[in-house]
Asks: 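Handing you this structure, nothing more for now.
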Amino acid sequence: MIYECIKCGLTSPVKMGKCHKCNEWNCFEEKISNKKNNLKLLVSNKLSDIGSVQNNQISCSIIEMDRVLGGGFMTGSSVLLGGEPGIGKSTLALQLAANLSHLNSVLYVSAEESISQINSRAKRLNIKYNDLFFLNDTSIDQIFLQIEDLKPSIMIIDSIHALTSNDSDSSLGSISQLKTSSQKLSEYCKKNSIILMLICHITKDGSIAGPKTLEHLVDTVLYFDQIESDELRILRTTKNRFGATNEIGVFKMTETGLVEVNESSNIFISSNSESYPGTAISSTFEGTRSILIEIQSLVSAPSQSYGRRYSNGLEINRVNMLIAILEKFSKIMFNDKDIFVNVSKGVKVKDPSVDLAIIASLLSSFQDITIPTDHVFVGEVGLGGEVKTIAKIEKRIKEFERMGFKKCFLPYISLNQSGDLEKKFSDKIKLIAIKNIKELDKFIGEMK
Ligand code: TYD
Ligand code: MG
């Protein structure tokens, strides 16, 4: 209960005889609190918000883009699109802006390129952009004047580095300018339920220029990556308030812009049908997607008096551990060998379920045995040489089956735990349960 002085408004938890602020006597009365009502209002507001947010996703008609966003652009959300110069950020932005403009009013602010440059890109991309609004300006204050007039539902800023704000005295492209411009834009857009996409360059070392300061201002962070010397582009989600992180979208840069690659589980493995000793296929997960990866090992005579180990795409400590396990349980000695282990196409893998494939590829190279190209290996290997169970086994096998693999080597425990796995897949792919490294060694030996 709270008491309030009717003269000066001073509040007190006890009913005082004299107010020590205005010195009036017998002036305290019980204050009727409306806290309860407010609370109710708050709760009901929150619930209705949640209900409406779920239905407010806008698809840009590019499946790979919608996936990394968690289903599409959420109304009033802000997205940061980062990537090295020349990777294709402006191309992607223009393509999705054109798609979105058929049903929404979209403003594309180009602070780096002139309207005629954008025009020629649009021609090259064969984009119909009659409904798209362009603005070629670098002043954030001018941009605000335009938004007030146009009231777009989606705004794309290409790029945030090129904007200047009157409120910041720092030089163009400085962290302070970046922060001020981004903050102003994201606050305005959130208040007015405008979808905001900020394009941002990344420096060669991988950090965003004007670094992590922008990431916390937005709801979703996407990075555009290039697979080594390939026309493939991978869009990765590293933060998403409305969906899963680690999702990927796959595109190909072509003569006429970015084309989405929906069938992408085999993009990281070599396309030739021939196999060589030392090659083994496995799978890992990128967000909700099962992706095939190719491990290659080369076990050779040492170039010095002692053997050395190299690893590309896998943690060297993990590779060393697996070599030690192999030495102990298969009785093969690697200490006088040079060992190179590589994941194809520059992929980096941390998922321990590729352990079995690493061991298979080491055994294959050491014994000069070629593993058939329609064989795959999944399973984590423990220090006792045992093959441990892994997550999402059924989803992985489904993908192997779909991609035409005929034999899948997997943990014995996974096969037994997952009930009728064998019955489900027996038609097209043979499942071979492996208990330990010794068993795998035997199977590889039989492939000779
Ligand atoms: P761009 O979208 O301008 O990159 P960013 O905005 O990230 O700097 O893409 C530039 C590169 O993409 C450039 O090297 C040319 C190439 N490109 C194509 O190969 N095909 C195309 O249709 C377009 C528009 C660009
Ligand atoms: Mg650009």
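Both counts, for ligands and for their atoms, begin at 1 and track the order of listing. No hydrogens, no waters, no symmetry mates; every other heavy atom, side chains included, goes into these values.
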Asks: Under a 3.5 Å cutoff, is there a donor and acceptor pairing between the side chains of Thr389 and Ser414?
Replies: yes
Asks: Using the rule side-chain hydrogen bond (donor to acceptor under 3.5 Å, both in side chains), only one of Arg396, Glu380, Lys392 pairs with Ser353; which is it?
Replies: Arg396
Asks: Is there a donor-acceptor contact under 3.5 Å linking the side chains of Thr256 and Asn126?
Replies: no
Asks: What protein heavy atom is closest to atom 22 (O) of ligand 1, reported as residue, atom name and distance in Å?
Replies: Gly257 N, 2.7 Å
Asks: Which heavy atom of the protein is the closest neighbour of atom 3 (O) of ligand 1, given with residue, atom name and distance?
Replies: Arg121 NH2, 2.7 Å
Asks: Assess the side chains of Ser361 and Ser297: does a donor N or O sit below 3.5 Å from an acceptor N or O?
Replies: yes
Asks: Can you tell me the protein heavy atom closest to atom 14 (O) of ligand 1 and the distance?
Replies: Gly86 O, 4.2 Å
Asks: Between the side chain of Glu260 and the main-chain N/O of Met65, is any donor-acceptor distance below 3.5 Å?
Replies: no
Asks: For atom 16 (C) of ligand 1, find the nearest protein heavy atom and state the residue, atom name and distance (0.1 Å precision).
Replies: Met253 CE, 4.1 Å
Asks: Between His201 and ligand 1, find which residue part has any heavy-atom pair under 4.0 Å and reply side chain, backbone, both or neither.
Replies: neither
Asks: Would you call Lys406 and Asp374 a salt bridge, taking side-chain N to carboxylate O under 4.0 Å as the test?
Replies: no
Asks: Which one holds for Ser90 and ligand 1: side chain close, backbone close, both close, or neither close, with close meaning a heavy atom under 4.0 Å?
Replies: both
Asks: Nearest protein heavy atom to atom 15 (C) of ligand 1, by residue and atom, and its distance?
Replies: Arg124 NH1, 4.5 Å
Asks: For atom 4 (O) of ligand 1, which protein heavy atom lies nearest, and how many Å away is it?
Replies: Gly88 N, 3.1 Å
Asks: Quick check: does Thr91 have an N/O/S atom under 2.8 Å of the Mg ion (ligand 2)?
Replies: no
Asks: For Leu125, which part has a heavy atom under 4.0 Å from ligand 1: side chain, backbone, both, or neither?
Replies: side chain
Asks: Quick one: does Asn136's side chain have a donor or acceptor within less than 3.5 Å of a partner on Ser110's backbone?
Replies: yes
Asks: For ligand 1, which atoms have a heavy atom of Glu255 less than 4.0 angstrom away?
Replies: 20 (N), 21 (C), 22 (O)
Asks: Ignoring hydrogens and geometry, is there a side-chain-to-backbone donor-acceptor pair from Thr245 to Thr237 under 3.5 Å?
Replies: no
Asks: Yes or no: does Pro85 have any heavy atom under 4.0 Å from an atom of ligand 1?
Replies: yes
Asks: So which bit of Lys89 gets within less than 4.0 Å of ligand 1, heavy atoms only: side chain, backbone, both or neither?
Replies: both
Asks: Give the intermediate values and the outcome of side chain to side chain donor-acceptor pair (under 3.5 Å) for residues Asp351 and Thr284.
Replies: CA-CA 6 Å; Asp351 184 357; Thr284 183; 3.2 Å; yes
Asks: Using heavy atoms and a threshold below 4.0 Å, how should the contact between Thr254 and ligand 1 be classified: side chain, backbone, both, or neither?
Replies: backbone
Asks: Regarding Ser344 and Glu294, do their side chains bring together a donor and an acceptor under 3.5 Å, going by distance alone?
Replies: yes
Asks: Answer yes if a protein heavy atom lies under 4.0 Å from atom 10 (C) of ligand 1, otherwise answer no.
Replies: yes
Asks: Among all protein heavy atoms, pick the one closest to atom 2 (O) of ligand 1 and tell me residue, atom and distance.
Replies: Thr91 OG1, 2.5 Å
Asks: Could you tell me which atoms of ligand 1, counted from 1 in the order shown, lie closer than 4.0 angstrom to a heavy atom of Glu84?
Replies: 7 (O)
Asks: Can the positive tip of Lys184 be found less than 6.0 Å from the middle of the six-membered ring of Phe144, inside 45° of the ring normal?
Replies: no
